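The block underneath contains the structure these notes are about, expressed in structure tokens.
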Amino acid sequence: MPGETKTGSDTNGPLTSDRVRFVLNGEVQELEPVDPTATVLDLLRYQLRRTGTKEGCAEGDCGACTVLLGELDGAGAMAWRSVNACILFAPMIDGRALLTVEGLAKGGELSAAQRSMVDLHGSQCGFCTPGFVMTLHGARIGGRGTSNVTPAELLAGNLCRCTGYGPILDSVSQAAEPNGSDAATAGQLSALRRTEPLALQWRDAAGVLKRGFSPRSKDELADLLLQFPDARLVAGATDVGLWVTKQHRTLDTVIFLGDCADLRGLEETDAGLTLGAGLSYSEALDALTRLHPELGAMVCRIGAVQVRNAGTIGGNIANGSPIGDMPPALIALGAAIVLRRGGERRTLALEDYFLGYGKQDRKPGEFVEDVIIPRPQASTLVRIAKLSKRFDSDISAVCAAFALNVEQGRVLEARIAFGGMAATPARARACEAAFTGQPWSDETCTAAAEALSGDFDPLTDVRGTSGYRREAAANLVRRLWREHEGLDGPRLTELAPIDA
Amino acid sequence: MPDDPSPTLCAVSRSLAHESAEQHVTGAALYVDDVPEPYGCLHLALGQSAVAHARIKAMDLEPVRAAPGVVAVYEARDIPGENNVGPVAHDDPLFADGLVQYVGQSLFVVAATSTAAARKAARLAVVDYEPLPAAITIADALAADLKIEATQTMQRGDADAALTTAPHRLQGQLEIGGQDHFYLEGQVALAVPGEARGLRLLSSTQHPSEVQHLVAHLLGLEHHHIHVEVRRLGGAFGGKETQAALIAAAAALVAAKTGRPAKCRLDRDDDMVMTGKRHDFTAGYDVGFDAEGRIQGIVIELASRCGYSLDLSSAINDRAMFHADNCYFLQDVRIVSHRLKTHTVSNTAFRGFGGPQGMLAIERVMQDIAAVLRLDPLQVRQVNLYGPGRDVTPYHMTVEDNVAPQLIEELAQSSDYAARREAIAAFNAGSQAIKRGIALTPVKFGISFTTTHLNQAGALVLVYTDGSILLNHGGVEMGQGLNTKVAQIVADVFGVPIAKVRVSATSTEKVPNTSATAASSGADMNGMAAYNAAMTIRERLAGVAARWGDCPPDAVTFTEQGVGAGSEVIPFADLCRRAHFERVSLAASGYYATPTIHYDRATHSGRPFFYFAYGAAVSEVAIDVATGEHRVLRADILHDAGRSLNPALDLGQVEGAYIQGMGWLTTEELVFDAKGRLLSHAPSTYKIPCAGDRPPVMNIALWKDGRNVRPTIHRSKAVGEPPLMLANSVFLALAEAVAATGPGGLPSQLDAPATPERVLSAIAKTKAAADA
């Protein structure tokens with residue numbers, strides 16, 4: 001394709017690099033050669049001078065930088081999703097469409113979401129407003145992850161410090177509105193299709209050569225990883241983004257997984273689920289909910305729509321965060337992962353992947369290909385709980401997942417895993433033992449809660465003290481039977497609304 | 001005087017949209033960082049102290065200078081004038097000079113060709129510290145007797161004597177956490193050098209004049225060299241009253257030294273580490289009361305963490321004392337206030353300015369009295385309200401506008417408080433896992449800067465010959481709708497549609513020597529100053545119109561139909577053109593100074609407030625007994641905005657303040673480690689309320705009978721800060737729910753913020769106290 005490869009130059013001589021091309025508010029843009037870890041927010045604000053998109057935190061928590069990212073779906077139509085531009089790297093928008101707040105009003109006419117925000121007094125200082133407007137617009141055009149969520153869940157990824165959210169919540173509408181220019185945008189994207197995967201090279205101010213690759217299949221990825229075994233893999237960048245924006249780390253070779261279509265496979269059988277590691281939370285949500293509603297409910301408390309539209313199940317596992325919310329649930333359900341290096345694959349129980357704080361059983365050149373989650377038996381009681389200071393979009397102080405196989409009043413098998421209680425997500429073996437073979441009863445739960453104290457020696461940190469973690473974790477175990485038998489009444493989140 | 005809004009007013013008292021609403025939703029509203037950067041603009045980052053208290057033995061900045069992209073590095077010795085950005089005492093250096101007093105204190109500035117380069121370079125300094133003992137917490141400072149100023153006492157009557165004779169006596173203690181402002185727009189300033197040593201600054205500040213003055217002194221220049229301009233802030237809440245000066249001064253210094261434009265924009269984490277917050281407090285009380293819970297004598301002892309410098313801590317702690325009565329008559333009272341010096345960031349103004357902490361303390365007293373007497377806390381509150389013959393505050397000001405009793409009564413009815421309280425008791429009796437609680441708390445908040453000279457404002461109104469109006473006033477638009485309200489006032493003076501009035505950026509070149517837009521005073525003071533300016537022009541125009549229509553000037557009317565003079569109805573633009581031909585000035589400045597206030601700080605007595613703003617709220621909550629998690633299920637609010645200038649904006653302020661206050665008292669926890677490092681320095685670790693935290697049922701109303709008895713602009717009332725304290729009801733309702741896990745009859749054990757951890761801890765303490 002003409003113009004596919006351009007030559008950039010710098011002080012250390014010419015480098016061969018592709019250029020990132022995308023559609024911005026209906027116009028095709030081809031960027032000058034760019035640092036593969038430049039953020040889309042910085043590009044928008046300081047290079048393309050679209051300053052409507054704001055930086056509030058540069059870590060994907062406040063949503064002031066929310067933009068809509070569009071790509072062609074299988075049928076050639078536009079599929080949009082809201083994402084945080086502050087932790088989105090430039091190569092991740094290649095071949096895609098970006099809709100920012102500047103692109104909504106047409107011919108001086110405000111979009112419906114914008115009109116509603118004005119009419120209902122939804123802006124005060126106005127700084128968070130563009131991000132809210134994009135979230136609202138994303139829901140109106142059927143963006144990913146916006147169906148089957150309450151207005152509050154939809155907005156959980158956007159912080160406002162001025163309003164009390166009332167007028168913004170009242171501006172939420174999921175009434176489908178076509179995004180006027182979708183057909184034209186789809187045509188533009190078709191024309192931007194590459195014949196070869198995107199490959200960027202860039203020399204930064206310190207003279208470091210940086211490379212960015214976007215392989216388009218698992219096979220290409222496997223080959224690239226053999227060539228660059230220490231490359232950093234980036235799926236949604238919801239964690240790695242912060243290494244750049246907050247820790248100012250230099251990542252020299254980065255492989256972006258967003259174009260690996262076959263890394264986003266999803267196989268749903270009687271035996272369970274096989275999820276491609278590149279599936280986002282949003283894409284996996286429905287299948288996970290079908291596997292067990294508790295799992296779906298947990299996913300809905302991971303980040304918010306923007307984060308779930310970017311973050312992947314595989315990424316959450318692969319980076320080995322001690323507080324990742326999926327691993328405890330997946331460990332309790334007996335999940336395994338498939339690791340691949342070149343053409344070789346090995347399957348590992350998920351709990352064995354986490355070796356220690358920040359240390360995982362992943363060899364150079366290896367990547368997580370699939371996550372396999374067995375379907376719980378009908379007799380298996382599944383309960384997942386997450387404790388955090390704020391209910392939505394927070395990181396857990398304690399995350400607990402229970403899978404108890406109860407038959408004829410007796411616990412045959414117990415798999416219990418916790419996050420936030422140790423350096424890695426881990427099983428609570430003593431607690432499990434206190435359940436196994438015992439009658440399914442209040443007394444057994446009490447004994448198991450006592451036993452839990454031998455399993456973990458949690459830390460005190462910003463999210464909670466060691467004492468709180470111990471006590472609350474034990475309480476979650478203690479009440480399992482009562483809760484299951486319905487003796488505790490509706491949960492806190494399920495209390496009937498009070499009449500106005 | 002601009003009295004009650006009359007039916008002839010077209011703009012005032014209407015729910016007009018925020019003047020920038022369309023720019024907000026389209027992304028067209030410009031904040032400092034959105035303004036196109038001038039050619040050659042440098043980007044700055046500040047080097048920070050890594051330790052809480054130390055002497056700097058050596059600081060090697062060579063690695064910083066050598067980093068890619070770095071153009072200049074400046075430290076204390078490079079400052080031409082005074083090394084200070086402190087507002088009151090001169091104890092806030094721009095750059096620490098040999099001594100550091102908190103983690104994150106600014107050491108130097110690095111100017112580079114990109115923000116990323118500057119931030120990376122700033123981390124390369126090699127600093128050799130000689131550590132000194134550090135006081136991090138209130139307890140540390142009390143133990144070391146470290147104070148930022150002398151302990152203050154406010155009293156009336158003989159509290160000790162009353163305590164000994166009261167039929168009942170009770171002591172208690174409460175910890176109250178601080179709060180980060182978390183304005184969505186971080187601190188930012190852009191400095192552009194001009195000619196003859198002049199400098200133009202775009203600063204995200206609530207106090208353009210103070211930035212102007214501090215920067216002038218820092219650069220060894222006069223005030224007139226420095227021009228500070230502010231179009232709008234992306235939120236402030238007090239956090240940009242004094243704290244913006246550090247950032248603006250760094251940018252100004254670099255611009256002055258290099259001759260190049262310079263922008264300083266703090267990363268969120270740096271912003272949270274480097275800038276001050278709401279003071280955390282401890283409050284202890286000793287109260288004597290009768291069988292109905294009526295307070296006879298009380299001693300309240302407050303202590304706050306001020307941080308390493310004075311900043312505004314004197315006035316903030318004074319205001320904590322001023323509001324330790326809230327709506328209640330404290331017969332014999334002594335309020336003691338310790339202002340503690342710690343080796344942490346200097347705490348600063350935050351919506352309520354000490355008032356919320358003082359008010360929460362007395363509400364805790366009310367709750368504890370009710371608990372031990374086994375009464376409904378609302379009854380105890382009501383018997384203690386100010387009333388005839390019981391109307392003098394601890395600072396000897398008579399309360400003349402007491403509407404709290406009516407507000408409370410109306411709200412108790414409209415919220416169905418009594419029946420719900422009964423239903424909750426029944427629910428709690430049958431529920432182990434979930435407990436509910438409800439509380440009604442009032443608010444009385446004093447309006448005026450308690451530093452009397454700050455109560456002045458100016459405005460400049462320009463009318464052009466096409467009838468368009470440019471309005472400038474000394475206040476800063478930070479989302480509160482100040483520009484909209486002031487524009488409404490001016491539009492009505494001239495009888496023109498609101499669209500004819502454009503509000504320009506706040507500028508030290510148009511209105512000099514302004515006070516901060518703070519203390520909820522923005523609309524009261526700037527609205528009146530703009531009114532005065534507009535009236536000056538209107539009187540001149542009336543003279544022109546009178547000659548035109550051959551009628552007396554006082555018979556001229558200004559309406560949306562035009563200017564009526566005799567039999568003539570003159571289009572406003574035509575009149576302006578005529579006035580210009582007649583050589584009548586169409587520009588005027590206006591000024592306003594709040595009347596009748598005075599205060600003697602030595603005796604803590606006087607009349608510090610022009611009037612009080614009132615409100616009341618009922619909150620209902622539920623807690624999970626096993627985990628301490630909680631939800632606010634319903635809120636009912638009745639707030640007195642006087643004759644509201646703009647009900648939609650005022651409702652927005654009330655709702656937003658309640659949610660912000662709820663965050664302060666529930667999810668927002670500032671965590672410092674033992675070395676004084678702030679661990680909760682980003683939204684990932686510091687949790688302000690999000691949409692799901694808003695109570696699913698929220699009934700908010702402005703009080704229909706509200707009318708300021710004082711002659712404020714159109715009899716309105718200030719609304720910025722007062723409703724924050726409506727959220728006290730959330731905390732007290734949570735405490736009620738916690739109490740329901742025990743047998744009752746005990747003082748509360750809950751501290752703020754009521755995180756799940758603190759709720760669980762309070763449940764455990766309640767159980768332990770009941771067992772004891």
Side-chain angles (χ1 to χ4, degrees), chain A residues 49 51-53 56-59 61-62 64 101-102 105 110 114 117-118 121 123-130 133 152-153 155-156 159 161-166 168-169 205-206 246 248 387 389-395 461-462 464-465 468 471-472 475-476 479 488-489 492 495 497-498 500, chain B residues 17-18 20-22 24-27 29 31 34 68-69 117 119-120 182-185 233-235 267-269 431 433-434 478-479 620 622 624 626-627 629 631 633-634 648 652 655-656 658-659 667 669 671 679-680 682-685 687-688 690-692 694 696-699 755-757 760:
Chain A
R49 291 230 50 87
T51 54
T53 307
C57 68
E59 63 173 25
D61 256 292
C62 80
V101 71
E102 290 91 350
L110 298 182
Q114 289 172 317
M117 285 287 279
V118 171
H121 308 279
S123 73
Q124 287 185 24
C125 86
F127 198 84
C128 69
T129 310
V133 164
E153 285 167 341
L155 300 180
L159 296 177
R161 192 54 150 168
C162 295
T163 74
Y165 297 100
I168 311 177
L169 286 161
K246 297 297 175 181
H248 305 292
L387 304 181
K389 285 183 197 171
R390 189 175 70 196
F391 187 81
D392 289 308
S393 196
D394 198 356
I395 293 168
D461 67 10
V462 66
T465 62
Y468 173 68
E471 187 185 353
N475 284 351
L476 291 173
R479 77 174 180 192
D488 278 352
L492 191 61
L495 293 172
I498 303 169
Chain B
H18 192 287
S20 292
E22 295 208 2
H24 292 156
V25 301
T26 54
Y31 302 79
D34 301 337
R119 289 178 182 170
K120 272 191 180 185
F182 210 86
Y183 28 68
L184 262 288
E185 178 208 32
L233 311 185
D267 171 67
R268 173 63 59 184
D269 296 58
S431 172
I434 304 286
M478 50 187 135
E620 180 173 343
D624 183 327
T627 64
E629 296 164 287
R631 308 291 281 168
L633 302 173
R634 173 173 165 181
E655 178 181 337
Y658 174 91
I659 297 296
T667 54
E669 185 178 30
V671 183
L679 304 180
S680 48
S684 52
T685 44
K687 311 309 285 188
I688 71 168
C690 66
R694 182 182 195 271
V697 179
M698 204 166 177
N699 304 310
T755 57
E757 173 157 1
L760 199 60

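Here is how names work: the chains are called A, B, and so on, in the same order as the sequence lines, proteins then strands, and each is numbered from 1. Heavy atoms only: backbone and side chains are in, while hydrogens, waters and symmetry mates are out. Model, not experiment: these values are computed from the prediction.
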In terms of heavy-atom pairs under 4.5 Å, which option from [options] contacts chain B the most?
| options | value |
| --- | --- |
| A:Leu159, A:Thr163, A:Leu155 | A:Leu159 |
| A:Glu102, A:Arg49, A:Glu471, A:Glu153 | A:Arg49 |
| A:Leu110, A:Leu169, A:Val118 | A:Val118 |
| A:Thr53, A:Asp488, A:Leu476, A:Ile168 | A:Asp488 |

Heavy-atom pairs under 4.5 Å with chain A, option from [options] with the top count:
| options | answer |
| --- | --- |
| B:Gly27, B:Ser431, B:Ala117, B:Cys690 | B:Cys690 |
| B:Gly69, B:Ala21, B:Ser680 | B:Ala21 |
| B:Asp624, B:Ile434, B:Leu184, B:Leu633 | B:Leu184 |

Any chance you could measure [X], atom [atom1], to [Y], atom [atom2], to the nearest 0.5 Å?
| X | Y | atom1 | atom2 | value |
| --- | --- | --- | --- | --- |
| A:Lys389 | B:Thr755 | NZ | OG1 | 6.5 Å |
| A:Arg479 | B:Thr627 | CZ | OG1 | 5.5 Å |
| B:Thr685 | A:Ile395 | OG1 | CD1 | 8.0 Å |
| B:Met478 | A:Cys162 | CE | SG | 10.0 Å |
| B:Thr667 | A:Phe391 | OG1 | CZ | 13.5 Å |
| B:Glu185 | A:Arg161 | CD | CZ | 15.0 Å |

For A:His121, all residues meeting ring pair (Phe, Tyr, Trp, His ring centres under 6.0 Å), sequence neighbours excluded: none

Indicate the atoms forming the closest heavy-atom contact of [X] with [Y], along with that distance.
| X | Y | value |
| --- | --- | --- |
| B:Ser684 | A:Asp394 | O-OD1, 3.9 Å |
| A:Ala152 | B:Gly692 | CB-CA, 3.6 Å |
| B:Pro756 | A:Tyr468 | CB-OH, 3.4 Å |
| B:Tyr31 | A:Phe127 | OH-N, 3.2 Å |
| A:Val462 | B:Glu669 | O-OE1, 4.4 Å |

Report which part of [X] has an atom under 4.5 Å of a heavy atom belonging to chain A: side chain, backbone, both, or neither.
| X | value |
| --- | --- |
| B:Phe182 | both |
| B:Ser20 | neither |
| B:Ala29 | backbone |
| B:Leu679 | both |
| B:Ile688 | both |
| B:Pro696 | neither |
| B:Val25 | both |

B:His24 and A:Ser123 side chains, donor-acceptor separation under 3.5 Å: yes

Between A:Gln114 and B:Thr26: side-chain donor-acceptor atoms closer than 3.5 Å: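 B:Thr26 and A:Gln114 do not have a side-chain donor-acceptor pair below 3.5 Å.
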
Test: B:Arg268 and A:Glu59 ion pair at under 4.0 Å: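 Judged by the 4.0 Å cut-off on N to carboxylate O distance, B:Arg268 and A:Glu59 do not form a salt bridge.
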
I'd like to know if the side chain of [X] and the backbone of [Y] have a donor-acceptor N/O pair within less than 3.5 Å.
| X | Y | result |
| --- | --- | --- |
| A:Tyr165 | B:Arg694 | no |
| B:Glu629 | A:Leu492 | no |
| A:Lys246 | B:Asp267 | no |

Residue pair A:Leu495, B:Arg631: steps toward the side chain to side chain contact (heavy atoms under 4.5 Å, CB included) verdict: CA-CA 10 Å; A:Leu495 293 172; B:Arg631 308 291 281 168; 6.0 Å; no

